[in-house]
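Before any comments, here is the structure.
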Amino acid sequence: MASEGPQEGEPSLRAGLEAILLVVDEPVPEVTLAQILERPRHEIAATLRELAAEYTAQGRGFDLREIAGGWRFYTRDTCAPLVERFVRDGQQARLTQAALETLAVVAYRQPVSRARVSAIRGVNSDGVIRTLTLRGLIEEAGHDPEHQAVLYRTTGYFLERLGLNDLDELPDLAPYLPDDLEGIEELQQ
């Protein structure tokens, strides 16, 4: 039988509910919360309703709502314009010149290794590749069979951000390349 209060060192029921609901990306049913927290469903339901009423009374920037058979935190309607501005500004974060160069190399040469990207750019690209991976613009695409190096390719998110259906829609690079490209490639090797 579940105990009335938290055991020593354990969070309270309210804290446990808040912690779980803070990380979910879809509404969580009361029965699931009851199982995870090992408490009766009626106790979970009552505590959720208390928390929701408390947040509303306090005028918090978020709501706790019961939607689609579960509970989840949502931004309070009055805060929507601020959240929209924050999200829009975050999405407009510009890529550095190094990131753009690296992204172009990956897009046109994929699948490509870090070493090949660095060789083409003439500088170490490890940090930039990590950043582009974290931003969801490139991803691992297996390993080079000869050297076992990790290969990278662009993602669907990359295509979405550029407004492309597939890589065939990337612009042709020929008009932007120097006339003596073969001589330059021989010098790099």
Side-chain angles (χ1 to χ4, degrees), residues 1-96 99 102-103 106-107 110-111 114 126-143 150-167:
M1 184 166 179
S3 61
E4 292 301 313
Q7 300 296 319
E8 188 160 334
E10 288 185 20
S12 68
L13 175 58
R14 293 166 65 93
L17 286 168
E18 289 172 332
I20 291 168
L21 293 171
L22 205 68
V23 298
V24 300
D25 56 0
E26 59 185 43
V28 180
E30 291 171 2
V31 67
T32 302
L33 293 168
Q35 290 170 344
I36 292 169
L37 295 167
E38 298 176 338
R39 302 295 275 269
R41 183 177 177 180
H42 67 86
E43 188 178 349
I44 297 293
T47 305
L48 288 167
R49 285 175 178 66
E50 288 171 14
L51 286 170
E54 185 179 308
Y55 299 148
T56 299
Q58 292 175 351
R60 300 275 182 106
F62 57 90
D63 268 333
L64 178 57
R65 298 185 204 154
E66 184 177 17
I67 294 180
W71 290 83
R72 182 175 173 212
F73 285 120
Y74 291 88
T75 303
R76 193 163 300 280
D77 294 340
T78 57
C79 296
L82 297 172
V83 173
E84 287 173 17
R85 189 171 348 144
F86 174 78
V87 169
R88 253 195 331 268
D89 289 349
Q91 287 180 349
Q92 293 173 354
R94 303 274 182 217
L95 292 175
T96 64
T102 302
L103 192 54
V106 173
Q110 62 187 304
R114 286 179 194 234
D126 292 354
V128 179
I129 287 178
R130 264 192 307 279
T131 299
L132 293 172
T133 302
L134 288 171
R135 291 181 93 171
L137 295 168
I138 64 173
E139 64 189 0
E140 289 187 12
H143 292 83
V150 175
L151 298 174
Y152 292 90
R153 67 177 171 223
T154 55
T155 63
Y157 180 66
F158 165 81
L159 293 172
E160 179 185 327
R161 297 301 296 163
L162 264 62
L164 304 173
N165 290 316
D166 59 47
L167 293 171

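Below, all heavy atoms of this structure are taken into account, side chains as well, without hydrogens, waters or symmetry copies. The first residue in the sequence is number 1, and the count goes up from there. This is a predicted model, so every value here is computed, not measured.
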For Ala99 and Val128, which heavy atoms make the closest approach, and how far apart are they?
CA-CG1, 3.4 Å
Which heavy atom of Leu48 sits nearest a heavy atom of Leu64, and at what distance?
O-CD2, 3.6 Å
Using modelled atom types and a 3.5 Å cut-off, is there a donor and acceptor pairing between side-chain atoms of Glu38 and backbone atoms of Gln35?
no
Separation between CD of Glu54 and CD of Glu50, rounded to the nearest 0.5 Å
8.5 Å
Verdict with supporting geometry, Thr155 and Glu160, side-chain contact (heavy atoms from CB on, under 4.5 Å):
CA-CA 9 Å; Thr155 63; Glu160 179 185 327; over 6 Å; no
Distance in Å, Leu137 CG paired with Ile129 CD1, rounded so as to fall on 0.5 Å steps:
12.5 Å
When you look at Gln110 and Ile138, which way does the side-chain contact (heavy atoms from CB on, under 4.5 Å) test go after all the steps?
CA-CA 10 Å; Gln110 62 187 304; Ile138 64 173; over 6 Å; no
Within 6.0 angstrom of Glu26 CD, more than 12 heavy atoms from elsewhere:
no
Between Thr32 and Val28 (side chain of the first, backbone of the second, donor and acceptor by atom type, cut-off under 3.5 Å), is there such a pair?
no
Name all pairs fulfilling the ring pair (Phe, Tyr, Trp, His ring centres under 6.0 Å) condition that reach into residues 31-52, sequence neighbours left out, sorted by first residue then second.
none
Once rounded to the nearest 0.5 Å, what's the spacing between atom OH of Tyr152 and atom CG of Leu103?
14.0 Å
Can you find a heavy atom in the side chain of Leu37 that is under 4.5 Å from one in the side chain of Ile20?
yes
Applying salt bridge (charged side-chain N to carboxylate O under 4.0 Å, His left out), can you list everything that pairs with Arg49, at least two apart in sequence or on another chain?
Glu30, Glu66
Could you state the interatomic distance from CG (Leu151) to CD (Glu140), rounded to the nearest 0.5 Å?
9.5 Å
So which atom in Leu159 and which in Asn165 form the shortest heavy-atom distance, rounded to 0.1 Å?
CD1-O, 3.9 Å
Interatomic spacing from CH2 in Trp71 to CG in Asp63 - rounded to 0.5 Å:
10.5 Å
Lys/Arg N to Asp/Glu carboxylate O, Arg153 vs Glu139, below 4.0 Å:
yes
Nearest-0.5 Å distance, CG of residue Leu33 to CD1 of residue Ile44:
6.0 Å
Heavy atoms only: give me the nearest Arg72-Val24 pair and the separation to one decimal.
NE-O, 4.1 Å
Less than 4.5 Å apart, any side-chain heavy atom of Arg76 and any of Thr56?
yes
Establish, for the pair Arg161 and Phe158, whether the NZ or CZ atom is under 6.0 angstrom from the six-membered ring centre and no further than 45 degrees off its axis.
no
Pairing residues for Phe62 by the ring pair (Phe, Tyr, Trp, His ring centres under 6.0 Å) criterion, not counting sequence neighbours:
Tyr55, Phe73
Non-hydrogen atoms of Asp77 and Arg65 that approach each other most closely:
OD1-NH2, 3.4 Å
Any heavy-atom pair between the side chains of Val150 and Arg114 that's under 4.5 Å?
no
Here the pair of heavy atoms bringing Cys79 nearest to Gly61 is SG-CA, 3.9 Å
